[in-house]
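For reference, the structure discussed in these notes is given below.
Please read all numbers here as calculations on a predicted model, not as lab measurements.
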Amino acid sequence: MEKYGPIALIVLSNVFYHICSKATPTEVNPFAALTVTYGVGAVMSGVLYYVLNPGGNLLQQYHLINWSTLVLGLAIVGLEAGSIYMYKAGWDIGTGQLVYSAILTVLLLLIGALFYRESITANKVLGILICMAGLYLINR
């Protein structure tokens, strides 16, 4: 469970993420909706911090934060607004996510190889080709 628990959390959270993104009313500006989303997220993060770290000092933790936390905040806004706009543009709940995930997978494999010295094996190249074939078939 230690290895696959985080994957299960990501999958479950992503299911709700996409259902909620698609269910966002079309007349609501995505950024207005996200202000509420982030308020709920901030409160939940604070509660979970203290539940999982009894006696912890959140302000002390803030002093350990680097640039990546700030950029992650910007990236999350782009992810969430992009998802809401994707569904407003008419993408199906399964297709849109599949298209961007395949493209993202290829980009992350290349970034991993270029910046983190991760290997690109023959199986990974075959996987990239299968992803590209899948994108072609889905978008026909």
Side-chain angles (χ1 to χ4, degrees):
M1 182 68 174
E2 190 172 304
K3 184 173 182 178
Y4 294 104
I7 298 297
L9 178 60
I10 291 168
V11 169
L12 182 63
S13 296
N14 260 282
V15 167
F16 283 103
Y17 175 89
H18 285 282
I19 290 170
C20 294
S21 292
K22 187 159 180 74
T24 300
T26 56
E27 60 275 3
V28 173
N29 181 291
F31 295 105
L34 289 175
T35 62
V36 174
T37 300
Y38 293 133
V40 171
V43 168
M44 189 66 183
S45 294
V47 167
L48 286 172
Y49 174 79
Y50 287 110
V51 166
L52 298 173
N53 298 289
N57 184 334
L58 190 55
L59 293 177
Q60 187 178 39
Q61 289 293 304
Y62 289 157
H63 291 288
L64 303 174
I65 290 173
N66 68 4
W67 63 269
S68 66
T69 302
L70 302 173
V71 175
L72 181 60
L74 296 173
I76 289 171
V77 170
L79 284 169
E80 294 181 4
S83 290
I84 294 170
Y85 280 123
M86 175 181 71
Y87 293 125
K88 283 184 176 221
W91 282 90
D92 290 337
I93 197 164
T95 307
Q97 190 276 338
L98 190 59
V99 169
Y100 80 68
S101 289
I103 295 167
L104 178 62
T105 298
V106 172
L107 288 173
L108 289 176
L109 280 170
L110 295 173
I111 289 168
L114 291 172
F115 297 102
Y116 299 101
R117 293 190 170 98
E118 297 173 358
S119 63
I120 295 183
T121 63
N123 282 345
K124 288 180 183 178
V125 171
L126 181 60
I128 290 171
L129 295 174
I130 291 170
C131 284
M132 294 298 111
L135 284 175
Y136 171 76
L137 292 172
I138 286 173
N139 288 301
R140 284 186 58 183

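Thr26 is not listed as a side-chain neighbour of Tyr87, based on a closest heavy-atom distance of 4.5 Å or more. A heavy-atom distance below 4.5 Å is found between the side chains of Leu110 and Ile120.
Atom CD1 of Ile10 is separated from atom CG of Asn14 by 7.5 Å, given to the nearest 0.5 angstrom. Atom-to-atom distance recorded for Ser21:OG and Met86:CE is 7.5 Å, nearest 0.5 angstrom.
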Please list every donor-acceptor pair under 3.5 Å in which a side-chain atom of residues 131-140 meets a protein atom from a residue at least two apart or in another chain.
{"from": "Asn139", "atom 1": "ND2", "to": "Leu135", "atom 2": "O", "distance (Å)": "3.0"}

Side-chain donor-acceptor distances from residues 90-104 under 3.5 Å, at least two apart:
{"from": "Gln97", "atom 1": "NE2", "to": "Ser101", "atom 2": "OG", "distance (Å)": "2.7"}
{"from": "Tyr100", "atom 1": "OH", "to": "His18", "atom 2": "NE2", "distance (Å)": "3.0"}
{"from": "Ser101", "atom 1": "OG", "to": "Gln97", "atom 2": "O", "distance (Å)": "2.9"}

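Residue Tyr50 comes nearest to Gly56 through the heavy atom pair CE2-O, 3.3 Å, listed as atom of the first residue, atom of the second, then distance. When all heavy atoms of Ser68 and Asn66 are compared, the closest pair comes out as OG-OD1, 2.5 Å. When all heavy atoms of Leu34 and Ala81 are compared, the closest pair comes out as CD1-N, 3.9 Å. Minimum heavy-atom separation, Glu80 to Tyr17: CA-OH, 3.1 Å. For the residue pair Phe31 and Val77, the shortest heavy atom distance occurs at CE2-CG1, 3.9 Å.
No chain of hydrophobic side-chain contacts below 4.5 Å, direct or via other Ile, Leu, Val, Met, Phe, Trp or Tyr residues, connects Ile65 to Ile76. Hydrophobic clustering, with ILVMFWY side chains joined whenever heavy atoms are under 4.5 angstrom apart, keeps Leu74 apart from Trp67.
For Pro25, the side-chain contact (heavy atoms from CB on, under 4.5 Å) partners two or more places apart in sequence, or in a different chain, are Glu27, Val28. A search for side-chain contact (heavy atoms from CB on, under 4.5 Å) contacts involving Asn123 returns Thr121, not counting sequence neighbours. Applying the side-chain contact (heavy atoms from CB on, under 4.5 Å) criterion to Leu59, with sequence neighbours excluded, gives Asn57, Tyr62.
Within the hydrophobic cluster formed by Ile, Leu, Val, Met, Phe, Trp and Tyr side chains joined at under 4.5 Å, directly or through other members, Phe16 is accompanied by Leu12.
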